[in-house]
Amino acid sequence: MPELPEVETTLRGIEPHLVGRALSQIDIRQPKLRWLITPELAPDMTGQVITHLSRRGKYIGVHTANGTLIVHLGMSGSLYFVPEETPPLFHDHVDFRFADNQPWLRYTDPRRFGAILWTKDNWLDHELIKHLGPEPLSDDFNVELLYSRAKGRKVPIKTFIMDSKIVVGVGNIYANEALFKAGIKPSRMAGNISKARLAVLVECIKMVLDAAIKQGGTTLKDFVGGDGKPGYFKQELSVYGRAGKPCIACGKVLKEIRQAQRSTVYCTFCQT
DNA sequence: CAAGACTCCTGTCAGC
DNA sequence: TGCTGACAGGAGTCTT
């Protein structure tokens, strides 16, 4: 399930192999993802040269002079290279083929929660992108921001930091981990947390994401390997997926609750 | 506006 | 062993 570190790793892995190449053909076998793939994608992007890639939240932008391909991996999507003419499997929904007859870029997504869109405008002005909060690893995401946005809010802090309008890229796993590291109870009201504690939380979110990205870097080569599998991280998770097991800090049994249809695991002793 | 429920989809796994 | 059903999960959208 790609979270921001996985998306960043994907981008770093594929960008060097895409820039400067011209699209020759785009095969769309399954246009129904989260949304219908933009019908203009193939006619508008074919023949275009890829100039660079960028990321905003979990959205990847693949830029050309004629427009930008917007890709979201959802929770089961992946982008990777396959040797030309590799027959597609059932969940291989899109192939991007190039004029140089070198490996194709393939999009696979079993659960189809991902998205592939196309815009001729500045992609940062796209409806899905322009309302997003700051990047978690940038200086724009800081205590002042979080504190002012949390003021008066009654939502649980976990739901709050997973809101992409507040800050992007904090998925369920890392929200759980960051709150554990910060010692904050996930159900605590966002507006009822001191500035000092929010400052700790900001640092913990940055630390958790940064560490995950660094680990992702070690598997970069897998992205362009022959198997086409995007090797996931061997994260050591403190709480996520460990409900019922002992807290690594105090030994007490970790508790699981549900918040906003998401599983939350925390330590009732360490997190207050 | 804020908060919470609902929705898409399919692989995985528990239970029978 | 095989089948059924619950569940997970990003994030936009709908409902209250």
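Keep in mind that this is a model prediction, so the values were computed, not measured. Sequence lines set the chain letters: A, B, ... in the order given, protein chains first and strands last, and positions in each chain run from 1.
Rounded to whole angstrom, the span from the CE atom of A:M162 across to the P atom of B:dA2 amounts to 19 Å. In this structure, A:R149 places its CZ atom 9 Å from P of B:dA2, rounding to the nearest Å. As a whole-Å value, the separation of A:I70 CD1 from C:dA11 P is 14 Å. Look at CG on A:D163: it is 16 Å from P on B:dA5, rounded to the nearest Å. Going from atom CZ of A:F160 over to atom C1' of C:dA11 covers 17 Å, rounded to whole Å. In this structure, A:L237 atom CG and C:dA8 atom P are separated by 16 Å, rounded to whole Å.
Using a 4.0 Å cut-off, some side-chain N or O of A:Y59 falls inside it from OP1 or OP2 of C:dG12.
The number of heavy atoms from other shown groups lying within 6.0 Å of CG (A:D139) does not exceed 12.
Axis deviation across the helix from B:dA2-C:dT16 to B:dC16-C:dG2 amounts to 50°, comparing end segments of five pairs, rounded to 10 degrees.
Identified under the ring pair (Phe, Tyr, Trp, His ring centres under 6.0 Å) test for residues 116-139 of chain A, with sequence neighbours left out: A:H63-A:W123.
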Salt bridge (charged side-chain N to carboxylate O under 4.0 Å, His left out) between A:D92 and A:R106, worked out: CA-CA 7 Å; A:D92 297 342; A:R106 176 162 286 176; 3.5 Å; yes
Criterion salt bridge (charged side-chain N to carboxylate O under 4.0 Å, His left out) on A:K195 and A:E144, from CA distance to verdict: CA-CA 8 Å; A:K195 196 171 179 178; A:E144 303 302 333; 3.1 Å; yes
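Taking the ring centre of A:F98 as origin, the terminal cationic atom of A:R21 falls inside the region bounded by 6.0 Å and 45° from the ring axis.
Counting non-hydrogen atoms under 4.0 angstrom, A:S263 reaches the backbone sugars and phosphates but no base. Within 4.0 Å (heavy atoms only), A:L73 reaches no atom of the nucleic acid at all.
Between A:L132 and A:K165 the shortest side-chain heavy-atom distance does not fall below 4.5 Å.
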Which atoms of nucleotides 7-10 of chain B (N or O only) lie under 3.5 Å from a protein N or O atom, and what are those distances?
{"from": "B:dC9", "atom 1": "O4'", "to": "A:R111", "atom 2": "O", "distance (Å)": "3.3"}
{"from": "B:dC9", "atom 1": "O3'", "to": "A:R112", "atom 2": "NH2", "distance (Å)": "3.4"}
{"from": "B:dT10", "atom 1": "OP1", "to": "A:R112", "atom 2": "NH2", "distance (Å)": "2.9"}
{"from": "B:dT10", "atom 1": "O2", "to": "A:R111", "atom 2": "NE", "distance (Å)": "3.4"}

